[in-house]
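The first residue of the sequence shown is numbered 1, and numbering continues consecutively from there.
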Amino acid sequence: MLQDNRRAIGAISIAMLAGIGNDVFAKLAAENLPLGEIMFLRGLMALAIVTTLGIAMRTRVTVRMFRHPTVLARTAANGLGTVLFLAALFHLPLANSIAILQALPLVITAGAAIFLSETVGWQRWTAILAGFAGVLIVARPGAEGFDYWAAVAFAGVLLSALRDLISKRTPAEIPSIALNMASLIAIILIGLSLSVRENWLVPTGREVLLLGAAAAFFTVANLLIIVSLRLGDIAAVSPFRYTIVVWAILLGFLVWDEVPDALTLTGSTIIVGAGLFTYFRERHLARSARVAGPVSVRT
């Protein structure tokens with residue numbers, strides 16, 4: 001399991017980078033296209049990519065898998081959580097939205113300890129709390145922005161945590177590609193439902209390319225998140241979700257020339273430090289386990 005934790009940490013770190021890649025290309029496409037259309041078209045492209053990947057890997061996906069209770073529950077939690085958080089995003093300051101969203105590692109770790117009986121030692125809690133403190137320093141949310149919509153956003157976070165906990169408990173015979181396909185179908189339907197309030201436009205060639213790139217990064221991010229959750233301990237993986245803030249700052253500088261200030265750099269340093277502490281601790285535990293043999297190691 002300790003070796004699995006290290007592989008899961010690698011998977012979630014790459015997933016966060018891919019997630020930011022998706023955000024960058026989707027944001028560029030959103031300069032002209034409405035949200036619902038972006039969700040719909042990106043979802044269709046991502047579904048095509050996942051289906052092609054499944055065929056290439058000869059992964060068996062059946063309709064019966066989509067009807068499995070855990071898959072249905074995970075898809076429902078993911079879809080409703082996405083709707084709630086996006087609705088809140090339109091009414092909250094961006095910094096407040098980021099801060100609320102980054103409560104997810106705390107919520108999911110608590111859920112893993114309560115509902116999955118994972119052992120979460122003080123070192124892991126310290127790393128997660130330190131990472132969250134770093135996010136707050138970067139985001140600097142204002143107290144005036146926490147209102148009714150903040151509660152809606154946090155409800156979205158709770159549903160996202162439920163989605164991830166369900167992912168952990170999904171039977172091994174249901175492949176990660178099937179879970180991703182079910183989520184994409186829900187996202188496509190959500191995007192289509194938003195069309196009643198939007199004026200959809202015919203995308204240009206550039207926008208099609210941007211959405212295609214977003215779909216590719218979106219696919220990689222979602223698949224690796226599922227893999228990391230099914231492979232490693234949630235408490236070991238959670239601090240590395242905060243690396244998405246560091247990737248966002250780096251790409252913001254490279255793409256939009258957004259220069260981070262001193263507080264942003266301080267918060268980023270704390271996030272990276274929390275991640276490095278967790279990584280090297282897992283590495284030390286894995287090495288100790290190899291030396292000591294099959295013993296129980298409290299983490």
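Annotation for Leu229 and Arg241: closest pair CD2-NH2, 3.9 Å, computed over non-hydrogen atoms. Pairing each heavy atom of Leu165 with each of Ala112, the nearest pair is CD2-N, 3.7 Å. Across all their heavy atoms, Glu37 and Trp200 have their closest contact at OE1-CA, 3.4 Å. Between Leu231 and Ala8, the shortest heavy-atom contact is CD2-N, 3.8 Å. Here the closest heavy-atom approach between residue Leu224 and residue Ala11 is recorded as CB-O, 3.6 Å. In plain terms, the two heavy atoms of Ile12 and Phe240 that are nearest each other are CG2-CB, 3.4 Å.
Side-chain heavy atoms closer than 4.5 Å link hydrophobic residues (I, L, V, M, F, W, Y) into clusters, and following such links, even through other members, never connects Met65 to Val227. If you chain together hydrophobic residues whose side chains sit under 4.5 Å apart, Leu209 and Ile49 never meet in one group. Linking Ile, Leu, Val, Met, Phe, Trp and Tyr residues whenever their side-chain heavy atoms come within less than 4.5 Å places Leu210 and Ile20 in a single cluster. The hydrophobic clustering, which links ILVMFWY residues whose side-chain heavy atoms are closer than 4.5 Å, places Val50 and Val220 apart. Note on Ile185: it clusters hydrophobically with Leu44, by side-chain heavy-atom contacts below 4.5 Å among ILVMFWY residues.
Taking the side chain as every heavy atom from C-beta outward, Val71 and Ile174 approach each other to under 4.5 Å. Phe40 has its side chain out of reach of Ile190: every pair of non-hydrogen atoms, C-beta onward, lies at least 4.5 Å apart. You'll find the side chain of Leu17 stays beyond 4.5 Å of the side chain of Ser13, heavy atoms only. Inter-residue side-chain proximity for Leu211 and Phe218 is flagged as unmet; no heavy-atom pair is nearer than 4.5 Å. You'll find the side chain of Pro34 stays beyond 4.5 Å of the side chain of Asn199, heavy atoms only. You'll find the side chain of Met181 reaches within 4.5 Å of the side chain of Ile177, heavy atoms only.
At distances below 3.5 Å, not a single donor-acceptor pair connects side-chain atoms of Glu198 with backbone N or O atoms of Ser195. Distance alone, capped at 3.5 Å, places no donor-acceptor pair between the Thr59 side chain and the Ile55 backbone. Using modelled atom types, one side-chain atom of Asn5 and one backbone atom of Asp233 make a donor-acceptor pair closer than 3.5 Å. Looking at Thr75, its side chain never comes within 3.5 Å of a backbone N or O of Leu72 through a donor-acceptor pair. Counting only distance, with no hydrogens or angles, the side chain of Arg230 and the backbone of Pro171 share a donor-acceptor pair below 3.5 Å.
A search for side chain to side chain contact (heavy atoms under 4.5 Å, CB included) contacts involving Leu129 returns Leu106, not counting sequence neighbours. Not counting sequence neighbours, Arg163 has no partner by the salt bridge (Lys or Arg N to Asp or Glu O under 4.0 Å) test.
Between the CG atom in Leu159 and the CG atom in Asn78 there is a gap of 9.5 Å [rounded to 0.5 Å]. From Ile188, atom CD1 reaches atom CG of Leu47 across 4.5 Å, with rounding to the nearest 0.5 Å. Expressed to the nearest 0.5 Å, how far CD of Glu207 lies from CD1 of Ile38 amounts to 8.5 Å. Between the OG1 atom of Thr219 and the CG atom of Leu53 there is a distance of 8.5 Å, given to the nearest 0.5 Å. In this structure, CG in Asn180 is found 5.0 Å from CD1 in Ile226, a value given to the nearest 0.5 Å. To the nearest 0.5 Å, atoms CG (Leu179) and OG1 (Thr170) are separated by 5.0 Å.
Side-chain N/O atoms of Thr70 and Arg169 include no donor and acceptor closer than 3.5 Å. Side-chain contact of Arg74 with Ser183: a donor-acceptor pair under 3.5 Å is present, judged by distance alone.
Taking the six-membered ring for Trp and thresholds of 30 and 60 degrees, Phe217 and Phe25 have nearly parallel ring planes, at less than 30 degrees apart.
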